[in-house]
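All remarks here apply to the structure that follows.
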Amino acid sequence: MTIADVKILVVAADRAIVDAAKAAFDPMGYQVVPASGISLGLFLAQKNLPDLILCQPRLAEGDGHSFLAEIKLDAELVPIPFVFIDFSDKSSTTDRDAAVTAGACKLTLLDEDGSLDAGELIPLIERRLLTRTKRQEFSPE
């Protein structure tokens, strides 16, 4: 496995969140896969089996909690760390508690300048890489 094999799915309605994730993870050689809503996010999660899912709480078609509930229904996706990501001025302690109660690993916030601190997410990715298994191949028969 190489660094380029690390995939991070970012499900966000706001392009600024996707851009912040790319700015944080591209220099590390990680692949950032953007999705704007639940349907596309679920499809890309199942297709790519990312090593981290970042999701904005408010999406164009629904919300992050609904997306997380869909992820939890797929046994292949359950082990993937799921983190809610939002702007620092739109979040509260209640949001953090709700995120963890819903099954997310945590809620992370963009800095005031709109940047993402990837350092706090690297341990989640590293743990995932240690436990990641190869997807079973199926024949079309």
I80 CD1 to L9 CG distance, which is reported to the nearest 0.5 Å: 8.5 Å

Between CD1 on residue I53 and CD1 on residue I85, distance to nearest 0.5 Å: 13.5 Å

Separation of L109 CG from F87 CZ (nearest 0.5 Å): 10.5 Å

Results of salt bridge (Lys or Arg N to Asp or Glu O under 4.0 Å) for E61 - residues two or more places apart only: none

Member of D63, D86, D14 meeting the salt bridge (Lys or Arg N to Asp or Glu O under 4.0 Å) criterion with R58: D86

Minimal non-hydrogen separation, C55 against F82, with atom names: CB-CZ, 3.5 Å

Check: P50 main-chain N/O paired with N48 side-chain donor or acceptor under 3.5 Å: no

Which atom of E76 lies closest to which atom of L49, heavy atoms considered: O-CD2, 3.8 Å

Parallel, tilted or perpendicular, as decided by the 30° and 60° cut-offs, for the rings of F25 and Y30: parallel

hydrophobic_cluster_shared for M28 and V83, side chain cutoff 4.5 Å: yes

Shortest non-hydrogen separation from A45 to I71 and the atoms involved: CB-CD1, 4.0 Å

Test item: L52 and R128 side chains (from C-beta on) under 4.5 Å apart, heavy atoms: no

Nearest atoms (heavy-atom pairs only) where G37 meets V11: O-CG1, 3.7 Å

A21 versus L54, closest heavy-atom pair with distance: CB-CD1, 4.3 Å

V78 reachable from L44 in the ILVMFWY side-chain graph, under 4.5 Å edges: no

Same cluster (ILVMFWY, side-chain, under 4.5 Å), I38 and F43: yes

Stepwise side-chain contact (heavy atoms from CB on, under 4.5 Å) test for L42 and Q46: CA-CA 6 Å; L42 190 57; Q46 291 167 334; 4.1 Å; yes

Closest non-hydrogen atom pair between A12 and V18, with its separation: CB-CG2, 4.2 Å

side-chain contact (heavy atoms from CB on, under 4.5 Å) between D5 and L129, intermediate numbers included: CA-CA 10 Å; D5 292 334; L129 294 176; over 6 Å; no

E126 side chain reached by L130 side chain, heavy atoms, under 4.5 Å: no

Salt bridge (charged side-chain N to carboxylate O under 4.0 Å, His left out) contacts touching residues 17-40 (sequence neighbours left out): R15-D19

Same apolar cluster (I L V M F W Y, side chains within < 4.5 Å links), L124/I122: yes

